[in-house]
Amino acid sequence: MRFTKLKGTRDIIYDEAAKKLHLENEFRRIATGYGFSEIITPILEYTELFERSTGATTDIVQKEMYAFSDKGGRSITLRPEGTPGVVRAILENKIKFPCRLFYIGPMFRYERPQKGRLREFYQLGVEVLGEANPKVDLELIELGFELFSELGIKSSLEINSVGCPKCRPFYKERLLDFFKGKNKNLCVDCRIRLERNPLRVFDCKNESCQNILETAPKIKDFLCSDCQTHFAEVIKGLKKLEDVSLNINDRLVRGIDYYTKTAYEFVSKELGAQNSLGGGGRYDDLVEEFGGPKTPATGFALGEERILLLMRNTEGGGRNLVFIAFLDESAQRSAESLIKVLRKNGIPSLMSYSKEKLTSQLKKADQLHSRWTIIIGEDELKKGVYTLRDMESGEQKLVAEQELVSYIKQLK
Ligand code: AMP
C-alpha cells in the first residue's frame, strides 16, 4: 500500500526546507527589530471563533474551513488564518495593551489548489493591539517591504479604506440600491452574498460580476471624517517612503469581515493569478467583539509559499553538509575523531559506519546532499592533510589538517 499526500498539501524537503527556514528567520529577525515578540497559538480552535471574526458571510467560513466534530461533539476548526486565535489568546492570557506579537505557522483552507494556492499553507503575521495611530499601519507596511527587499523581491501595495461601523452601513445601503435590477447578471454566489453582505461581492473573481462592479459606488465617498483623516495620514506617510509603488484601489475590501479603516495587499507582478503576497489592515472592533475592552488593532499576514516562489533557490545557504570518506581502517579511526571535531565546531558532518569503496561513499555523500567530501587515505595520513572535494564542481584540493576547520568555515 503506497500512500500519497492530500491534495493541496506539500512535502518540503532539503533546499526548499532550508529556504523556508531562511525566510522565517529573516521575518523573525526583522519583526523582533520592530519590537515584536513571538506568539504560538494552537492550530485547532472552536469553529465559532472564526464565524464571529473572519465572518460568517465570507468565503473562508462559508466554503473553506476544515471544520469537524471532535469525539466530545464540539465543533472544531483547523485555523484558516491567524488573527482570531491571536486575539483570543491575548484576551484569555490577559496580555496588557499595547502589545505587538508575531506568529509563523500553517493555515488550512479547502480551496481549489493551483500555483501559489494550497489547502495547507504557511503564514507570517504581525498584530499590534492597543494603538490607534495611523503611523502604526504605516510601520507595519514598512516592515513588510523591508522583508521583501531583504529577500530581493519586488512588490507593490494596493490600499483602500473600508470604513468603520459608523460610515459603512450607509455605503452598504447605497451598494444594495446600486445592485437593484442587476441581480440576474450576478453569479449565484453573489446573489447570496448580496443578501448577507453586499461588500462580499467585491471578493468575486467572476468576470460578469467584476464588470458590474466597475460602476458601483465607491466607499471612499462614504467615509466618515475619522476614517478619512486616518486614511489620508496613512497615504501621506506612504508617499514619503522611498521605492514604494502604491496604488489606491477603491475596490479592495479583502475577504475577511473584521477590517476597519485601512486595508491593503502586497502584490507581485511575477506571480500570475495568485498575485497577493500578503494582506492586512486595521480591525478596531474585533477585541470588543471577543468580549474585551474597545481596543484599536492592526496587523497583516504574508503567504510563505508565494514568497518562496519568488525567492532565489540559493537563499538559505543551500547545502553545507560535509561527508567524510575513508579508505582503510586507520583512515576510519582518523575520520571518527575528525567528525567529532567538525561537529563541535558547528560544521554539519556525516560518514559511513563501515568501510566501503570510495565510489559508493561518494555516491552516498551525493544522495545525502553533501556539499563537500573529505577524503582520507594512506597518503593523506602520511602527509597530515585532507583531500577536500567540492561535490558540485568535482574539484579537489589538499588542506592541511590544522587548517581544515577554518578553511571549511570560510567556504560557507
Ligand atoms: P488572507 O489571510 O486571506 O488575508 O491572506 C493573506 C495571504 O496569505 C495571501 O496574500 C496569500 O499570500 C496567503 N494565502 C492565502 N490563502 C492561501 C492559500 N490557499 N494558499 C497559499 N497562500 C495563501
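Indexing begins at 1, ligand by ligand and atom by atom, following the structure's order. Basis for what follows: all heavy atoms, side chains included, without hydrogens, waters or symmetry-related copies. Along the sequence shown, residues carry numbers from 1. Computed from a predicted model, the values in this text were never measured in an experiment.
- Between E127 and R100 there is no salt bridge, since none of the side-chain N atoms of the basic residue sits less than 4.0 Å from a carboxylate O of the acidic one.
- Between L118 and ligand 1, a contact under 3.5 Å exists for at least one N or O pair.
- Proximity of R254 to ligand 1, defined as any heavy-atom pair under 4.0 Å, is confined to the side chain (atoms from C-beta onward).
- Of the protein's heavy atoms, F121 CD1, 3.6 Å lies nearest to atom 22 (N) of ligand 1.
- If you take CG on L398 and OH on Y386, they are separated by 12.5 Å, rounding to the nearest 0.5 Å.
- Within the structure, the closest approach of G255 to ligand 1 does not fall below 4.0 Å when heavy atoms are considered.
- For the atom pair NE2 (H230) and OG1 (T260), the distance works out to 8.0 Å, reported to the nearest 0.5 Å.
- Contacts with ligand 1 closer than 4.0 Å are made by side-chain heavy atoms of Q123 only, the backbone lying farther away.
- Side chains of T54 and E81: a donor-acceptor N/O pair is present below 3.5 angstrom, by distance only.
- Closest heavy-atom approach to atom 15 (C) of ligand 1 among the candidates R109, E305, R119: R109.
- Of all atoms in ligand 1, numbered sequentially from 1 with element shown, those under 4.0 Å from a heavy atom of S276 are 9 (C), 10 (O), 11 (C), 12 (O).
- The atoms of ligand 1 that sit less than 4.0 Å from any heavy atom of G278 are 7 (C), 10 (O), 12 (O).
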Is there a salt bridge (charged side-chain N to carboxylate O under 4.0 Å, His left out) between D177 and R174? Walk through the geometry before answering.
CA-CA 5 Å; D177 278 349; R174 269 299 294 278; 5.1 Å; no
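- The existence of a salt bridge linking D59 and R193 is confirmed by a sub-4.0 Å separation between a basic side-chain nitrogen and an acidic carboxylate oxygen.
- Annotation: the span from D243 atom CG to S149 atom OG amounts to 8.5 Å, rounded to 0.5 Å.
- Closest protein heavy atom to atom 21 (C) of ligand 1: G116 O, 3.3 Å.
- Between F121 and F108, the ring center distance fails the sub-6.0 Å criterion.
- Shortest contact from atom 13 (C) of ligand 1 to any protein heavy atom: G303 CA, 3.6 Å.
- Proximity of E111 to ligand 1, defined as any heavy-atom pair under 4.0 Å, is confined to the side chain (atoms from C-beta onward).
- Considering CG of L118 and CE of M107, their distance stands at 14.0 Å, rounded to 0.5 Å.
- Heavy-atom proximity to A301, at under 4.0 Å, picks out these atoms of ligand 1: 6 (C), 7 (C).
- Close N/O approach between L277 and ligand 1 is found [any backbone or side-chain N/O within under 3.5 Å].
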